[in-house]
Amino acid sequence: PINVSAVDAESGVYALETFLGTLIPNVGSVDLFFQTLGLHILLASSTDNVGNATTSTRTFRAVATIESTLSDIDRAYGLGWISKKVYKWIREDFKDAIGTKKGKKKVDKGDLRDILEDMRDYRKKGLNEQAYRLLKEDFEWLINN
């Protein structure tokens, strides 16, 4: 978690803006579902009531996990990006690719490559472009990391 706040004991805080590519709310949490995997920069900019300004940045990495990939499959289906038939197939095959090694969940990288190859056949046929790109990125992350 990254917490953003500003305090100015002398003149008070006039404005606090937070950016993750675009302006984001300063309250609650940020939904990373629509962000790409990899490095991101969060920038916070604050101005006090007499015009003094400062900025601060934090770099973080968005990654795919087995759990986040299952969540992405479910959410893409919930958004209507995947047909019921393709959703069941992808979810089942992905769950079948999950095993346990030394007490930790692992995915069979060969199985993920097979799913990626099969996904190409469903691209724009029960799997829209947004879902295809999102899941492709997740599966490739799990294969390569």
Side-chain angles (χ1 to χ4, degrees), residues 1-8 13-49 51-145:
I2 301 171
N3 295 312
V4 176
S5 64
V7 176
D8 187 310
V13 175
Y14 173 74
L16 172 62
E17 295 180 313
T18 308
F19 298 87
L20 183 59
T22 61
L23 184 65
I24 59 173
N26 288 325
V27 295
S29 59
V30 176
D31 183 359
L32 296 177
F33 178 76
F34 296 100
Q35 298 291 325
T36 59
L37 299 178
L39 292 178
H40 294 274
I41 298 173
L42 184 88
L43 180 136
S45 175
S46 176
T47 306
D48 69 11
N49 284 310
N52 297 312
T54 188
T55 61
S56 180
T57 61
R58 294 292 181 267
T59 302
F60 69 93
R61 177 186 264 185
V63 302
T65 64
I66 291 169
E67 292 76 19
S68 70
T69 301
L70 282 168
S71 177
D72 286 351
I73 293 167
D74 292 343
R75 185 151 178 205
Y77 174 67
L79 290 169
W81 295 357
I82 306 175
S83 70
K84 188 173 187 176
K85 174 186 168 186
V86 174
Y87 165 74
K88 286 183 176 183
W89 163 76
I90 290 175
R91 199 167 202 295
E92 270 184 38
D93 278 11
F94 183 67
K95 286 184 96 173
D96 287 346
I98 301 168
T100 304
K101 188 173 184 179
K102 296 183 182 178
K104 289 188 169 188
K105 284 186 179 180
K106 298 281 184 186
V107 290
D108 183 295
K109 294 178 181 191
D111 287 350
L112 289 185
R113 287 186 191 95
D114 291 343
I115 295 170
L116 277 170
E117 191 172 315
D118 292 342
M119 276 178 29
R120 288 186 200 105
D121 295 336
Y122 289 104
R123 194 174 185 180
K124 298 181 183 176
K125 300 174 194 163
L127 181 67
N128 80 7
E129 192 63 24
Q130 288 170 295
Y132 175 79
R133 288 179 186 206
L134 175 84
L135 298 179
K136 179 178 184 275
E137 185 179 34
D138 282 0
F139 292 149
E140 287 176 345
W141 184 273
L142 292 172
I143 290 167
N144 296 316
N145 294 286

Interatomic distance, Asn145 atom CG to Thr65 atom OG1 [nearest 0.5 angstrom]: 12.0 Å
Minimal non-hydrogen separation, Thr69 against Leu142, with atom names: OG1-CD1, 3.5 Å
Side chain to side chain contact (heavy atoms under 4.5 Å, CB included) assessment of Trp81 paired with Ile73: CA-CA 10 Å; Trp81 295 357; Ile73 293 167; over 6 Å; no
Non-hydrogen side-chain atoms of Phe19 and Thr55 separated by less than 4.5 Å: no
Stepwise side chain to side chain contact (heavy atoms under 4.5 Å, CB included) check, Thr100 with Lys106: CA-CA 6 Å; Thr100 304; Lys106 298 281 184 186; over 6 Å; no
For Ile143, the option from Val107, Leu116, Asp111 that meets side-chain contact (heavy atoms from CB on, under 4.5 Å): Leu116
Gap separating the CZ atom of Phe33 from the CG atom of Leu79, nearest 0.5 angstrom: 5.5 Å
Asn52 side chain vs Asp48 backbone, donor-acceptor pair below 3.5 Å: no
Proximity of Trp89 and Tyr122 rings by center, below 6.0 Å: yes
Donor-acceptor pair, side chain of Glu137 and main chain of Leu37, under 3.5 angstrom: yes
Within-4.5 Å side-chain heavy-atom neighbours: Val63 and Trp141: yes
Contact check, side chains of Leu70 and Lys95, non-hydrogen atoms, under 4.5 Å: yes
Over all atoms of both residues, closest heavy-atom pair of Val86 and Lys125: CG2-O, 4.0 Å
Value rounded to 0.5 Å, distance of NE2 in His40 from OG1 in Thr59: 11.0 Å
Proximity of Phe94 and Phe139 rings by center, below 6.0 Å: yes
Charged N-O contact under 4.0 Å between Arg113 and Glu117: no
Residue pair Asp8 / Tyr14, side-chain donor-acceptor N/O under 3.5 Å: no
OG1 on Thr57 to CD1 on Ile2, rounded to 0.5 Å: 10.0 Å
Student check: side-chain heavy atoms of Ile90 and Leu135 closer than 4.5 Å: yes
Heavy atoms of other groups near Ile41 CD1, more than 12 under 6.0 Å: no
Short side-chain to backbone donor-acceptor contact, Asp72 and Asp138, under 3.5 Å: no
Donor-acceptor pair between Ser71 and Ser68 side chains, under 3.5 angstrom: no
Atom of Arg123, atom of Glu129 and distance for their closest heavy-atom approach: NH2-OE2, 2.5 Å
Derivation of the salt bridge (charged side-chain N to carboxylate O under 4.0 Å, His left out) call for Asp31 and Arg75: CA-CA 12 Å; Asp31 183 359; Arg75 185 151 178 205; 2.6 Å; yes
Check: Leu16 and Thr47 side chains under 4.5 Å, non-hydrogen atoms: no
Salt-bridge criterion met for Lys88 and Asp93 (N-O under 4.0 Å): no
Distance in Å, Lys109 NZ paired with Asn144 CG, rounded so as to fall on 0.5 Å steps: 7.0 Å
Closest non-hydrogen atom pair between Tyr87 and Ile82, with its separation: N-CG2, 3.3 Å
Side chain to side chain contact (heavy atoms under 4.5 Å, CB included) between Ser83 and Leu127, intermediate numbers included: CA-CA 7 Å; Ser83 70; Leu127 181 67; over 6 Å; no
Test log, rule side chain to side chain contact (heavy atoms under 4.5 Å, CB included), inputs Leu42 and Thr18: CA-CA 7 Å; Leu42 184 88; Thr18 308; 3.8 Å; yes
Donor-acceptor contact below 3.5 Å, side chain Asn128 vs main chain Lys124: no
